[in-house]
Amino acid sequence: IFLFVLACKNINKTYKEKSVLLRVGICVGLFIVSMILAGLFLFAINPNASPESIGENSIIFLGLFADIISLILRFFRAKKHHKKESKDYKSARNELILSIVIPLVVFIALFSFDFFK
């Protein structure tokens, strides 16, 4: 849930000139899309899992997908409106790389530990 809050903060930062209603709508849409992606991700990992367990566990991955999607939106917006040498572009690029690499390393470490066990 913490990562989802950060994702909504990134949406507000990215679309600060838009109306509040539009930003809330984007956050709600982001929640729905991230929940679907998290469910599909868990189903791809374990196709024999019950729908109830996938639904309960998808909240863990919801924040991760929401954060990645919001940073991708911020990155493409910064790429469109700023030069590649600008501070905003470099900041968005670095945040995107770190938000993908760090959780990926943690999840691979957790899953590989369970796999070898």
Side-chain angles (χ1 to χ4, degrees):
I1 293 182
F2 176 73
L3 286 175
F4 182 73
V5 171
L6 288 177
C8 286
K9 180 191 76 80
N10 285 330
I11 292 293
N12 281 328
K13 190 188 309 181
T14 304
Y15 298 106
K16 60 186 166 198
E17 70 277 352
K18 303 289 183 182
S19 70
V20 174
L21 186 62
L22 181 68
R23 289 183 287 187
V24 169
I26 291 173
C27 284
V28 169
L30 184 65
F31 180 82
I32 293 169
V33 168
S34 297
M35 189 63 109
I36 292 170
L37 286 174
L40 290 174
F41 176 71
L42 288 172
F43 184 71
I45 289 176
N46 187 5
N48 297 328
S50 67
E52 293 84 22
S53 68
I54 288 178
E56 292 171 359
N57 293 327
S58 65
I59 199 72
I60 296 169
F61 295 98
L62 167 77
L64 174 68
F65 286 117
D67 194 37
I68 290 172
I69 291 170
S70 70
L71 287 172
I72 288 171
L73 290 174
R74 182 170 169 225
F75 174 72
F76 282 124
R77 187 158 175 95
K79 187 176 180 181
K80 182 179 178 183
H81 294 289
H82 299 287
K83 294 181 180 178
K84 288 187 178 184
E85 296 83 24
S86 72
K87 183 180 176 183
D88 193 37
Y89 175 81
K90 289 180 181 178
S91 172
R93 182 193 63 205
N94 292 341
E95 278 187 62
L96 179 62
I97 290 169
L98 287 176
S99 70
I100 291 173
V101 169
I102 291 173
L104 188 64
V105 168
V106 170
F107 288 134
I108 288 173
L110 290 175
F111 286 129
S112 65
F113 180 72
D114 288 339
F115 180 72
F116 290 123
K117 197 174 185 181

d(L42 CG, L37 CG) to nearest 0.5 Å is 11.0 Å
CD1 (I72) and CG (N10) are apart, to the nearest 0.5 Å, by 11.5 Å
Closest non-hydrogen atoms of Y15 and I26, given as atom of the first, atom of the second and distance, are CD1-CD1, 4.0 Å
CD1 (I32) and CD1 (I36) are apart, to the nearest 0.5 Å, by 7.0 Å
Hits for side chain to side chain contact (heavy atoms under 4.5 Å, CB included) against L21, two or more places apart or cross-chain, chain-then-number order -> S19
Residues passing the salt bridge (Lys or Arg N to Asp or Glu O under 4.0 Å) test with E17, sequence neighbours excluded, are R77
Checklist entry - Going through the distances and angles, do T14 and S70 end up as a side chain to side chain contact (heavy atoms under 4.5 Å, CB included)? => result CA-CA 9 Å; T14 304; S70 70; over 6 Å; no
Residues at least two apart in sequence or cross-chain that pass side chain to side chain contact (heavy atoms under 4.5 Å, CB included) with K9, listed by chain then number, are L6, K13
In short, L62 meets F31 closest at the heavy-atom pair CD2-CE1, 3.2 Å
Sequence neighbours excluded, the answer for side-chain hydrogen bond (donor to acceptor under 3.5 Å, both in side chains) partners of S50 is S53
Here the side chain to side chain donor-acceptor pair (under 3.5 Å) pairs for residues 30-48, sequence neighbours left out, are none
Taken in chain and number order and not counting sequence neighbours, the residues that satisfy ring pair (Phe, Tyr, Trp, His ring centres under 6.0 Å) with F43 are none
Of all heavy-atom pairs linking R23 and I11, the shortest is O-CG2, 4.2 Å
